[in-house]
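Worksheet: the structure to be examined is printed underneath.
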Amino acid sequence: MTSSTKDERWGAPLWGALSVLCAVVFLDALDVSMVGVALPSIQADLGMSTAALQWVVSGYVLGYGGLLLLGGRTADLLGRRRVFLIALAVFAVASLLGGLMSDGALLIAARFVKGMSAAFTAPAALSIITTTFAEGPARNRALSIFTACGASGFSLGLVLSGVLTELGWRWTFLMPVPVAIIALIAGARLLPRSDERGEGGHDILGAITITAAMLLLVFTVVQAPDVGIVRTALSAVVVAALFGLFVWLERRVKHPLVRLGILRSAPLVRANVGLVILFGSYVGFQFVAMQYFQNLLGWSALQTALAFLPAGLLVAVSSTKMGDLADRFGTGRLIVLGSIALLAGYAMFLRVDEHPSLAGMVLPGMVLLGIAFGLSFPSLNIQATNGVSDDEQGLASGLLNTSGQVGGAVVLAIVTAVLTSGSASDPIGAFRAAIVVSALFALVGLVVAASGLRFRSRTATAAEPERVLETV
């Protein structure tokens, strides 16, 4: 598939391809939000502990984060369309199996398989967009629409999950199946066949090494609260050795899985760190909030979903405008503003108690989180892929998605450990301490985002005296 021209008028083929890709990101977000709201019901029905319940989320993240780099490079080499469609079919089957499981371990296994399939659909979809639409306004507009559809799926998933969970949590797993089948049929018809095999060989040893390293990293972090310091330290040593071996291999093979030179791009590195913070802190916060609203306050699944709805709606409405804002102000400034809103949103929820104020805590906190995602998420996607050649867009997309998923696993594991350690004696204190974890990560994200801005000399140009900040 070739890049679009600078003509802003998109024809039917471009809109058709973008619609399919948007449908899949809509589906991914729909699935994530529906499962999140259903967690307390799953816990009650299957008799899972809080630590085991974490694996319903972490199992997905384990498969997703562990295979994303392989998924992105596979899309570059074997054809983005081919990889996208095969992985989408696996996603549909895994969704169906998840809805039929009556055992917690089997449910987690189905979630793991679904995460593995998403590890191939996500970078393939994003790299199809970034190789189809020319860098600049066209690509920024397409990515804004793409992220808006994800936000819309998340928002709709919250409402649907509230309704479906009242009928039975299994419906939250089965609901994505027909959507995936429709997207699969449409993708086979609408995605052009011109996007086929790329040039280069297959770095089999590199793929095996980095996949093993990522899987063990996520598994080590998630298991740390249960296995103790010694086993965690030993696992960490093995993880470090695998990463070291991977770097050694990539510097010597002819066609590396990851060209290490891509990491010399400071904006790309900041975008990846930014998504670690943004997605990781929010996954941890959402897990805590679901437990707080439903288990402590006794809210229904629908009430909980409606509490999260303002954030999703704000992202859905604002994301379509982010392309224009990025063109005008630069991604760096938008990410800084989003980081400030993220930190402020978590700070609002530090006032949790047994009688929370909807107007004084819940609503303003969710609005701030919606603003944070609306500003940051599209900007991070744009920043991570700008300046990257077409043959490495899958790699850049895989790196970005890997960052988000690994961040989700790491922060969720820390948050869960904090929550479970004090929930019996002081549940309010435990909830507050767990939210502090997300807030601290958000503070780090703000520092990283701010490092992407530098002051220009006020005398550098007389034509732009007020533009003293320059995005790096």
Can you list the steps and then say if Phe243 with Val247 is a side-chain contact (heavy atoms from CB on, under 4.5 Å)? CA-CA 6 Å; Phe243 275 114; Val247 171; 5.6 Å; no

Closest non-hydrogen atom pair, Cys149 against Cys22: SG-CB, 3.4 Å

When the ring centroid of Phe373 is compared with that of Tyr282, is the distance short of 6.0 Å? yes

Should Val448 and Ile277 count as side-chain neighbours, where that means a heavy-atom distance under 4.5 Å? no

Aromatic ring pairing Tyr346/Phe285, orientation class (parallel under 30°, perpendicular over 60°, tilted between): tilted

Do Leu278 and Ser281 come close enough that some side-chain heavy atom pair is under 4.5 Å? no

Nearest heavy-atom neighbours spanning Thr121 and Ala87: CG2-CB, 3.3 Å

If you count heavy atoms of other groups shown closer than 6.0 angstrom to CZ of Arg251, is the number above 12? no

Minimum heavy-atom separation for Ser438 and Val415, please, with both atom names. OG-CG2, 4.3 Å

Could you check Ile262 against Leu399 for side-chain contact (heavy atoms from CB on, under 4.5 Å), going step by step and ending with a plain yes or no? CA-CA 10 Å; Ile262 198 174; Leu399 283 170; 4.0 Å; yes

Nearest-0.5 Å distance, CE of residue Met348 to CD1 of residue Ile435: 11.5 Å

Let me confirm one number: the OH-OG1 distance from Tyr292 to Thr304, rounded to the nearest 0.5 Å. 11.0 Å

Check Phe279 against Gly404 and note the closest heavy-atom contact, atom names and distance. CD2-O, 2.9 Å

Between Ser117 and Lys114, is there a donor-acceptor pair closer than 3.5 Å when you use the side chain of the first and the backbone of the second? yes

State, with a plain yes or no, whether a side-chain heavy atom of Leu342 is found less than 4.5 Å away from one of Leu369. yes

About how many Å separate CG of Leu297 and CZ of Phe431, when rounded to the nearest 0.5 Å? 8.0 Å

Given side chains that start at C-beta, do those of Gln286 and Phe308 come closer than 4.5 Å, heavy atoms only? yes

Reported CD-to-CG distance for the pair Glu250 and Leu245, which is rounded to 0.5 angstrom: 9.5 Å

Only one of Val444, Val437, Val436 passes side-chain contact (heavy atoms from CB on, under 4.5 Å) with Leu440, and that residue is Val436

Keeping Arg432 on the side-chain end and Val352 on the backbone end, is there a donor-acceptor pair under 3.5 Å? yes

Could you state the interatomic distance from CG (Leu53) to CG (Leu39), rounded to the nearest 0.5 Å? 4.5 Å

Using modelled atom types only, decide if a donor and an acceptor are shared between the side chain of Arg111 and the backbone of Val56 within a distance under 3.5 Å. yes

How long is the straight-line distance from CG of Leu368 back to CZ of Phe349, given to the nearest 0.5 Å? 9.5 Å

Restricting to non-hydrogen atoms, name the atom on Leu363 and the atom on Pro310 that form the minimum distance, rounded to 0.1 Å. CD1-CG, 3.9 Å

Check against side-chain contact (heavy atoms from CB on, under 4.5 Å), Arg270 and Ile335: CA-CA 10 Å; Arg270 281 196 302 273; Ile335 294 169; over 6 Å; no

Any side-chain heavy-atom pair of Val253 and Leu205 under 4.5 Å: no

On a heavy-atom basis, which atom in Val276 and which in Ser403 lie closest, and how many Å separate them? CG2-O, 3.2 Å

Quick one, Phe84 and Val20 - any side-chain contact, counting heavy atoms below 4.5 Å? yes

Does some side-chain heavy atom of Pro176 sit less than 4.5 Å from a side-chain heavy atom of Leu27? yes

Is Gln43 close to Gln291 at the side-chain level, that is, under 4.5 Å between some pair of heavy atoms? yes

Step-by-step side-chain contact (heavy atoms from CB on, under 4.5 Å) determination, Val239 to Thr220: CA-CA 9 Å; Val239 169; Thr220 298; 4.2 Å; yes

